[in-house]
Amino acid sequence: MSVRVRFAPSPTGGLHLGGVRTVLYNYLFARHHGGEFILRIEDTDQSRFVPGAEEYIFRCLKWCGLEPDESPLHGGDYGPYRQSERKEQYRQYAEKLVADGFAYYAFDTPEELEQMREHYKTESNPAPQYDHSIRKKMRNSLTLTRDEVIALLEKNTPHVIRIRMPENELVSFQDMIRGTVEFQTSLVDDKVLLKADGMPTYHLAVVVDDYLMKITHAFRGEEWLPSAPVHVLLWKYLFGLDQMPQWAHLPLILGPGGKLSKRDGAKYGFPVYAMNWTDLKTNELTEGFYERGFLPEAFVNLLALLGWNDGTEKELYTMDELIASFDIERVHKGGAKFDFEKAKWFNQEWIKLKQPSELRDVVYARLLAADLKVTDQALLETVIGLVKDRCALLSDFVQQAGFFFKAPVVLDTAAVLPKWTEAKAVFFEACMQRLKELQSWDHAAIEETFKNLAADHQLKPGDLQLPMRIMLVGGKFGPAVFQIAEIIGKAATLERMEYALRQLRDQASA
RNA sequence: GCCGCGUUGGUCAAGGGGUUAAGACGCCUCCCUUUCACGGAGGAAUCACGGGUUCGAAUCCCGUACGUGGUACCA
């Protein structure tokens, strides 16, 4: 049987780091085994529907290079791939469970449920569950007579269908990451399977759809572990345990203080979503890795290694390498704290790995967005080659490459002013003259001219290079200074020197 | 509260009875570089705690602590 896995998000907002990692592990597993990766939209909660969220998910997956084989967009033989469009199929399964005695109708109103919780709440049990003991005291098809139930149903009385959890059974299953996991059924409540609006809850939908879509391996976040016994039982009742996919519950990704939230991102200044997401109601923007300046290769790479490794010292992987070495059973049990510093390191490594030509388009876009117009693409590649080892994020290119295309306006004169002397001013005036006369404008010739003149003036070249750098760059960074001069050209070099000299003169006398 | 899951340096982590307890990020020192990076050489954990089992435990078992998730007609 060929491997089929699925990622099943609900379109309620931004796509989280943990979500992307779940996609990634699904994707890697599918590719590793030559299987299919399916995307199913779990939009059964109409009250939480957010317009644009589904499109957003597709954009994120595309950027990450994790596109599904089957989805609402890509089609496939097991559609529709949105649960809202499959609504009609769920009821029959719920009814079958009722008929077989594994589920029941419950007519309790939200108010009655609230009363029940209030009534049975004690200090030692602050959150009473609708379970085997409570259900005997509620209005459902277990407590009402058959005629009463029929009458209520005929009158279209709002009702839900709940699973009837067995009283004293041990439910266990094999988790691919955690091994045997066991639950005592008495401690699990009678989860709603079909809501009053006719929509299934996650519990019913996930089982029915995984069955109908022939899912062989089901990976999801650890937060689902407590409801796993419900799902296992549903599989047993509906389709047989031998049909059930193999489960793997992925560890959580944690923030500095606990579960990673978009709050953490805002608080500590790092992105939490794959791409920018703006909440339409609050207008709140949550930053994405894409916008922050991450390469998708780096993003995927760092996520893969957050909770998994192949046992070797290798840390930098291409997607193909990940596919080749990924093994779900080597995924950790414990949650991993996300470290933005390490994330940046991955990005930096990936920028170093890339050829300038591969970086050209994204860097061009960044510069353009920063109001730096680049007309010479070949020049841009040269510049990228010179500065990329200094960039951890794509956004760093604005500073590291920007001065090649636009003269600095604000200069870090504070870096030279303390040691600025009239002798240096005289030197630079002379230097400008010499450079103006220079025949071949290449860095070696410029450097030679510069150093010879320094000797003539009995100044140390080293003491002059920093001022020269500030003149051309504006700050204490960037590649070799004569290299910069060569690239920006004679005219720009002289202009920048003159501009800077004027500022230094003014500021030194002030 | 109850239930589940987890716990190797600040972080990611290898190692699963006998090792000097890998490696990476970050941090610090030095070298290279008279900028900033890159690169190179070094420095800093006894494995949450307490009991067992064993000749021997980070590795197995049991408790405790801590963390984290669930406890909705949300997923």
Side-chain angles (χ1 to χ4, degrees), chain A residues 8-12 42-45 47-48 83 106 108-110 113 117 121-131 158-162 175 177-178 181-184 186-189 191-203 205-206 220-229 249 251-252 254 256-259 302 305-316 332-346 348-349 352 387-392 396 399-400 412 415 460-470 473 475-481 484:
Chain A
S10 49
T12 53
E42 308 222 330
D43 54 350
T44 54
D45 184 0
S47 67
R48 294 214 307 164
Q83 288 183 332
D108 318 281
T109 63
L113 289 175
R117 292 192 181 107
K121 188 163 79 178
T122 62
E123 214 166 280
S124 62
N125 182 14
Q129 303 194 114
Y130 200 121
D131 62 14
H159 64 277
V160 302
I161 293 179
R162 286 179 182 271
D175 186 285
I177 296 171
R178 290 152 209 284
V181 183
E182 291 183 331
F183 292 89
Q184 182 55 247
S186 315
L187 299 167
V188 183
D189 63 331
K191 290 269 184 258
V192 170
L193 303 177
L194 198 74
K195 300 188 259 189
D197 65 3
M199 278 287 195
T201 59
Y202 172 83
H203 308 293
V206 72
R220 68 216 314 191
E222 190 187 357
E223 69 270 23
W224 289 108
L225 209 40
S227 48
H249 290 86
L252 265 11
L254 308 169
K259 190 187 178 189
L302 73 93
L305 274 284
L306 244 196
W308 170 85
N309 70 77
D310 68 3
T312 70
E313 286 182 13
K314 189 174 168 64
E315 290 198 278
L316 264 18
H332 296 169
K333 297 181 176 79
K337 212 170 269 186
F338 174 69
D339 179 9
F340 189 53
E341 292 306 317
K342 181 95 187 205
K344 281 196 289 193
W345 175 80
F346 275 106
Q348 185 169 28
E349 292 300 312
K352 282 196 284 186
V387 305
K388 72 188 181 77
D389 285 5
R390 289 153 225 267
C391 298
D396 292 339
Q399 189 198 42
Q400 293 294 337
D412 182 12
K460 277 190 260 176
D463 293 340
L464 299 165
Q465 277 197 40
L466 184 61
M468 184 67 172
R469 169 174 299 282
I470 300 298
V473 174
K476 288 163 70 170
F477 56 89
V481 70
I484 296 169

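Reminder, nothing fancy here: chain letters follow the sequence lines and each chain counts from 1.
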Identify whether the distance between the nearest side-chain nitrogen and carboxylate oxygen of K342(A) and E315(A) falls below 4.0 Å.
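Salt bridge between K342(A) and E315(A), a charged N being under 4.0 Å from a carboxylate O: yes.
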Would you call K337(A) and D339(A) a salt bridge, taking side-chain N to carboxylate O under 4.0 Å as the test?
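Answer for the salt bridge query: no.
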At less than 4.0 Å, is any side-chain N or O atom of [X] found next to OP1 or OP2 of [N]? Yes or no.
X       : N       : answer
K352(A) : rG39(B) : yes
R117(A) : rC73(B) : yes
N309(A) : rA14(B) : yes
T44(A)  : rA75(B) : yes
R469(A) : rC36(B) : no

How about W345(A) and E341(A): does a side-chain donor come under 3.5 Å of a side-chain acceptor?
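No, no side-chain donor-acceptor contact under 3.5 Å.
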Scan side-chain atoms only and decide if D108(A) and Y130(A) contain a donor-acceptor pair under the 3.5 Å cut-off.
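Yes, Y130(A) and D108(A) have a side-chain donor paired with an acceptor closer than 3.5 Å.
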Can you tell me if NZ on K121(A) sees more than 12 non-hydrogen neighbours from other groups inside 6.0 Å?
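Counting other residues, nucleotides and ligands, NZ of K121(A) stays at 12 neighbours or fewer.
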Touch check for [X], heavy atoms < 4.0 angstrom, all strands: base, sugar-phosphate only, or nothing?
X       : value
P479(A) : base
H332(A) : sugar-phosphate
G307(A) : sugar-phosphate
A196(A) : base
A480(A) : base
D108(A) : base
G334(A) : sugar-phosphate
L305(A) : sugar-phosphate
F183(A) : sugar-phosphate
K344(A) : nothing

From the list [options], which nucleotide is the closest neighbour of the side chain of [X]?
X       : options                   : result
P461(A) : rU34(B), rC73(B), rA24(B) : rU34(B)
L225(A) : rU35(B), rG4(B), rC73(B)  : rG4(B)
D389(A) : rG23(B), rA24(B), rC38(B) : rC38(B)

Whole-Å gap separating [atom2] ([N]) and [atom1] ([X]):
X       : N       : atom1 : atom2 : result
E341(A) : rC25(B) : CD    : P     : 12 Å
E123(A) : rC2(B)  : CD    : P     : 12 Å
K333(A) : rC5(B)  : NZ    : C1'   : 11 Å
K388(A) : rG39(B) : NZ    : C1'   : 14 Å
K337(A) : rA24(B) : NZ    : P     : 22 Å
D310(A) : rA24(B) : CG    : P     : 16 Å
F346(A) : rU11(B) : CZ    : P     : 17 Å
I177(A) : rG6(B)  : CD1   : C1'   : 13 Å

Take atom [atom1] in [N] and the same atom in [M], then report the distance between them in whole Å.
N       : M       : atom1 : value
rG16(B) : rC73(B) : C1'   : 45 Å
rU19(B) : rC60(B) : P     : 16 Å
rA45(B) : rG9(B)  : C1'   : 4 Å
rA14(B) : rG6(B)  : P     : 15 Å
rC49(B) : rA58(B) : P     : 10 Å
rC47(B) : rG42(B) : C1'   : 24 Å
rC61(B) : rC25(B) : C1'   : 36 Å
rC28(B) : rG17(B) : P     : 39 Å

Find which nucleotide of RNA chain B each of R178(A) and D197(A) is nearest to by heavy atoms, and output the residue with the more 5' nucleotide.
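The residue mapped nearer the 5' terminus is R178(A).
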Does E315(A) or L306(A) map to a spot on RNA chain B nearer the 5' end, using the closest nucleotide for each?
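Nearest-nucleotide comparison on RNA chain B picks L306(A).
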Does [Y] offer a backbone N or O that forms a donor-acceptor pair with the side chain of [X] under 3.5 Å?
X       : Y       : value
D175(A) : H249(A) : yes
T201(A) : V192(A) : yes
R469(A) : K476(A) : no

From the options D412(A), V481(A), I484(A), select the one residue that forms a side chain to side chain contact (heavy atoms under 4.5 Å, CB included) with V473(A).
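Answer to the side chain to side chain contact (heavy atoms under 4.5 Å, CB included) test with V473(A) among D412(A), V481(A), I484(A): I484(A).
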Considering every strand shown, what is the Watson-Crick or G-U wobble mate of [N] when both distances are under 3.5 Å?
N       : answer
rU59(B) : none
rC74(B) : none
rG6(B)  : rC66(B)

One pair to check against side-chain contact (heavy atoms from CB on, under 4.5 Å): H159(A) and K195(A). What are the steps and the verdict?
CA-CA 7 Å; H159(A) 64 277; K195(A) 300 188 259 189; over 6 Å; no
Can you say whether the rings of Y202(A) and W224(A) are parallel (under 30°), tilted (30 to 60°) or perpendicular (over 60°)?
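Because their plane-to-plane angle is under 30°, the rings of Y202(A) and W224(A) count as parallel.
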Could you run through nucleotides 59-71 of chain B and give me one letter per nucleotide, 5' to 3': B if any protein heavy atom sits under 4.0 Å from the base, S if only the sugar-phosphate is that close, - if neither?
---------SBSS
